[in-house]
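Both ligands and their constituent atoms are indexed starting at 1 by order of listing.
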Amino acid sequence: MSTTSKQGLANGLTNYGDKDFSLFLRRAFAAAAGHSPEMMSRPVIGIAQSASGFNPCHRTFPELVEAVKRGVLVAGGLPLDFPTISLGEPFTSPTTMKFRNLMAMDAEEMIRAQPMDAVVLIGGCDKTVPALLMGAASANRPAIQLVPGPMLPMSHKGERLGACTDCRRFWSKYRANELTQDQIDEAQTKLATTAGTCGVMGTASTMASIAEALGMSLPGTAAIPAVHADRLRAAEASGRQAVALALNPIRPSDIITRDSVENALRVLLAIGGSTNAIIHLTAIAGRAGVDVSLPRLNELSDTTPVLVNLKPTGEHYMSDLYAAGGVGAVLRELRPLLNLNCMTVTGETLGQRLDAEDTWVDRDVVRSFSEPYRPQGGLVALFGSLAPNGAIIKRSAADPALFEREGRAVVFTSLEDLSSRIDDPALDVAADDFLVLQNAGPTSEAGMPEAGYLPIPAKLARAGVKDMVRISDARMSGTAYGTVVLHVSPEAEAGGPIGLVRTGDRIRVSVKNRRIDLLVGEDELAERRARAPAGRSLPTRGYDRLYRQSTLQAEHGCDFDFLRPDGLQPRA
Ligand code: FES
């Protein structure tokens, strides 16, 4: 299967001022890699892969790359893999969120700069899938997302454990003196025991599901466990399909549309997915010129039931979802709500995909539309004087008893302030207070970390308090749970009202009315604003400077302004 003169290795020549020489030289170096003339005439399939010793979630990538290559070769393509930045959640400071856009730029530019007719994107740990999809959407070469798959839960002393929801649960017990040092040390080696991404419906699993719902991954592949042989077959099939896309291009712009983004939002809500996915899906959609509006999210949330019974909102693990029918089972239940004409990487529409699928489903894991796990979606946006541009709460992971409340603010002005005072026995705090964290938003020095799940103050935790209302401009891990209001916008760093809250102020939250209000008069707020210290100065160099200057607020997906097609400004 040979290519036309503009395809394969002839694509995008290096500029030496003589095109024929450029191609001659390129082929000379391809020959140096051992490729025969027949191989050099094939369509080139790039394999963007983010393996790294700093990213244990990606440790299966060498064999995934090998399987993708097998598929490409069988279908008549030339597979060439290349590295991208890798973002391992617990290994990156201050937070992987700060570097998602950097990885997206890396992916976009390398897809565009290197001679590939299509690309298989391999990523899995939280930020890597959105980064790769953002980059691919901007480069707009035919692309398929392949994820490494979730880890398997394993049993420890009679209970199944599968990473971070369980990590947080064990840590909370330890903080409440319910576990000894020896017990927590022992648990540390039992919480994440196989290759793959976190085994619950955290951000990685949510983004894998969203990639499939968007149509950017092969059907049925989001939930295949990392160590299951089906995962390798999915990799091989992705390689094969990439060659088909190279020959008959279907581009991300054909797939990521207003309709498919709404499908993905429906799936996000139905799976009880991560709050982070709102930011990431907004950023991916933004690259394709599609806006995700938070009021529209609320409309979708009110009409989309939670169907999937997975941690952190339920009880099962991602491998159970695979055994139960996978994301396809969720899509089939949602079918009356979905836009079925959306194109996918297979060349079929979503409707054609669903028509062809096996209909078996385990109802313990994926409930029917008529008997859902919860009647409404897991995520809602709140608006009000504390969050004029919106905030997010994962109501499916929160305590409904705390949904309609007024409380006294106990304010922490930074992450450092939080960690130095939260466990102070002298901290003036009660169980019905609202904990508020400031200066942890998108452009803050902290880089919008997953710190919105503020720990329950030690003295309250020991007294048995399990949940409190917590409010911040930060994010929260998709594996966390609690009555946590996140992504408050504008953030404190950008002059948002959250930065004006003082300990003792009253705040009212109403999930029913989608409201979050700071009950302080306008005059007082104006005075506080006038007295506020000057903002942090712009970093003098490097990525810090670019990040601070160009990052948009949460409702715009925290993308860089200059990477979107619409030229939004950071402080808009
Ligand atoms: Fe990588 Fe959870 S730490 S997916």
Side-chain angles (χ1 to χ4, degrees), residues 49-61 64 84-100 103 121-133 145-154 160-171 187-212 217 221-228 231 268 271-277 279-280 310-313 316-319 321-322 327 394 397 447-453 475-481:
Q49 57 121 342
S50 43
S52 162
F54 292 97
N55 196 341
C57 304
H58 291 189
R59 76 176 159 93
T60 54
F61 279 25
L64 284 178
T84 67
I85 290 171
S86 188
L87 300 172
E89 280 299 307
F91 290 82
T92 311
S93 175
T95 163
T96 51
M97 186 66 203
K98 182 170 176 183
F99 304 104
R100 183 203 61 182
M103 183 177 176
L121 313 161
I122 315 184
C125 197
D126 295 15
K127 307 303 177 296
T128 60
V129 172
L132 290 169
L133 287 176
Q145 179 70 52
L146 173 69
V147 295
M151 63 179 66
L152 288 182
M154 297 297 282
R160 293 203 303 164
L161 305 177
C164 276
T165 302
D166 298 315
C167 303
R168 287 168 204 288
R169 188 165 51 82
F170 269 69
W171 191 250
Q188 196 171 40
T189 58
K190 307 289 188 243
L191 287 158
T193 53
T194 80
T197 49
C198 292
V200 298
M201 191 52 83
T203 304
S205 300
T206 305
M207 291 311 303
S209 305
I210 280 179
E212 186 176 329
S217 297
T221 58
I224 304 170
V227 297
H228 197 301
R231 176 54 63 195
L268 164 61
I271 61 180
S274 162
T275 48
N276 287 320
I279 290 180
H280 298 321
L310 250 61
K311 289 186 177 188
T313 55
H316 295 294
Y317 290 88
M318 200 62 180
S319 50
L321 176 61
Y322 181 58
V327 171
K394 187 172 185 177
M448 206 181 192
E450 292 184 336
Y453 175 71
R475 296 176 302 117
M476 170 175 91
S477 165
T479 61
Y481 46 89

Only to 10 degrees, please: what angle do the SG atom of C125 and the SG atom of C57 make about atom 1 (Fe) of ligand 1? 110°
Taking backbone and side chain together, does C198 place any N/O/S atom at a distance below 2.8 Å from atom 2 (Fe) of ligand 1? yes
Does the pair K311/D166 count as a salt bridge with the N-to-O cut at 4.0 Å? yes
Pick out which of N276, T96, V129, T275 makes a side-chain contact (heavy atoms from CB on, under 4.5 Å) with T203. N276
Any idea which atoms of ligand 1 are less than 4.0 Å away from a heavy-atom of [X]?
| X | value |
| --- | --- |
| E89 | 3 (S) |
| T197 | 4 (S) |
| A204 | 4 (S) |

Check for a donor-acceptor pair, side chain of T197 on one end and backbone N or O of G149 on the other, with a separation under 3.5 Å. yes
Pair M97, E450 - check side chain to side chain contact (heavy atoms under 4.5 Å, CB included), show working. CA-CA 9 Å; M97 186 66 203; E450 292 184 336; over 6 Å; no
Evaluation steps, side chain to side chain contact (heavy atoms under 4.5 Å, CB included), between H228 and S319: CA-CA 10 Å; H228 197 301; S319 50; over 6 Å; no
